[in-house]
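Since the structure comes first, as structure tokens, the remarks are kept for the end.
Note that the numbering runs from 1 along the sequence shown for the chain. Keep in mind the model is a prediction, meaning the values are calculated, not measured.
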Amino acid sequence: MEGSSGEELAVGCILAIKTTLGDEIEGQIIAFDRPSNFLGTSKAGSRRNVRLLKANFIKDFTFLGRVDDPLDPKKCLLDLGGLQAREEAALRQAEIEAERIGVGVTSEAQSIFDALSKTLPVRWEKTVIVVMNEVRVNNPYLPENVSGGTPAANDRVKKVLDFERKRLQARTPGQC
């Protein structure tokens, strides 16, 4: 492979490649970067698999044919519906994660929110932590700042809050 001029690795060629590691790859060349000596191959199927390979690892290859334009969007086998569904799911997940970050609150308040969220449904309402849509924890997020909800729900939130405060104090003495 060292002495090749790169013409054999032109984009659009379909090759059967044997690597120095014993792998056998059959696919279409979709990219070849001469400075890094990387080769991108693609094998069409129900899903398109793209593989990057350092050309130095090519032991042998057989030319199987050529395609006019491997990147022609009309012939591209991308599942646009699947890609759009993945994008929408990622956006929904990003929105959910963004809602979990308090605006204008201290890192201590965020730690308390995160601890409560591990066992209870919580959300931010400005700087107030709302637990189970009924219990409210106001700044400075101490057990005595818990209000609303049933006595059992209040006790549970106070217990988690007290435990988290002790954990934070143990981690950073003198700051809570």
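Note: I17 CD1 to I58 CD1 = 4.5 Å, rounded to the nearest 0.5 Å. Between the CZ atom of R165 and the OG atom of S111 there is a distance of 10.0 Å, given to the nearest 0.5 Å. Considering CZ of R86 and CG of L91, their distance stands at 12.5 Å, rounded to 0.5 Å.
The side-chain contact (heavy atoms from CB on, under 4.5 Å) test with P140 is passed by exactly one of T106, N145, I112: N145. Tested against V131 for a side-chain contact (heavy atoms from CB on, under 4.5 Å), the candidates V146, L161, L116 yield a single pass: L116.
Using a 4.0 Å cut-off between a side-chain N of Lys or Arg and a carboxylate O of Asp or Glu, D162 and K166 qualify as a salt bridge. Salt bridge present: R51 and D23 bring a charged side-chain N and a carboxylate O closer than 4.0 Å. With respect to E164 and R167, a salt bridge is recorded, a charged nitrogen being found less than 4.0 Å from a carboxylate O.
In this structure, I29 and L15 have side chains that are in contact, with non-hydrogen atoms separated by less than 4.5 Å. Residues L53 and T19 are in side-chain contact: their nearest non-hydrogen atoms beyond the backbone lie under 4.5 Å apart. Within the 4.5 Å cutoff, side-chain heavy atoms of R156 are placed close to those of T119. Here the side chains of V50 and T41 are not in contact, with every heavy-atom distance at 4.5 Å or above.
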Evaluation steps, side-chain contact (heavy atoms from CB on, under 4.5 Å), between L64 and E26 = CA-CA 9 Å; L64 301 176; E26 186 174 314; 3.6 Å; yes

query = Which is it for N37 and N56 under the side chain to side chain donor-acceptor pair (under 3.5 Å) test, yes or no, and what are the steps along the way?
reply = CA-CA 7 Å; N37 209 24; N56 298 2; 2.3 Å; yes

task = List the steps, then state whether side-chain contact (heavy atoms from CB on, under 4.5 Å) holds for L168 with E108.
result = CA-CA 8 Å; L168 286 171; E108 176 187 49; 3.8 Å; yes

ask   = Going through the checks in order, is the side chain to side chain donor-acceptor pair (under 3.5 Å) test met by S117 and D114?
value = CA-CA 5 Å; S117 73; D114 293 341; 4.7 Å; no

key: side chain to side chain donor-acceptor pair (under 3.5 Å) evaluation trace for Q93 with E97   = CA-CA 6 Å; Q93 185 62 33; E97 290 172 11; 3.0 Å; yes

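Of all the heavy atoms in A10 and R66, the pair that sits closest is CB-NH1, 4.0 Å. In terms of heavy atoms, V105 sits closest to A109 at CB-CB, 3.9 Å. Scanning both residues, S42 and I30, for their nearest heavy atoms gives CB-CG2, 3.6 Å. Minimum heavy-atom separation, S147 to N138: OG-ND2, 4.1 Å. For the residue pair E134 and A153, the shortest heavy atom distance occurs at OE2-CB, 3.9 Å.
Between the side chain of Q110 and the main chain of G102, a donor-acceptor pair closer than 3.5 Å is present. The closest donor-acceptor contact from the side chain of K54 to the backbone of L39 lies at 3.5 Å or more, if one exists at all.
Between the side chains of R123 and N133, at least one donor N or O sits under 3.5 Å from an acceptor N or O.
More than 12 heavy atoms of other residues, nucleotides or ligands sit less than 6.0 Å from atom NZ of K158.
Between Y141 and W124, the two ring planes are perpendicular [angle over 60°; tilted spans 30° to 60°].
Transitive grouping of hydrophobic side chains (ILVMFWY, heavy atoms separated by less than 4.5 Å) keeps V130 and L120 in distinct clusters.
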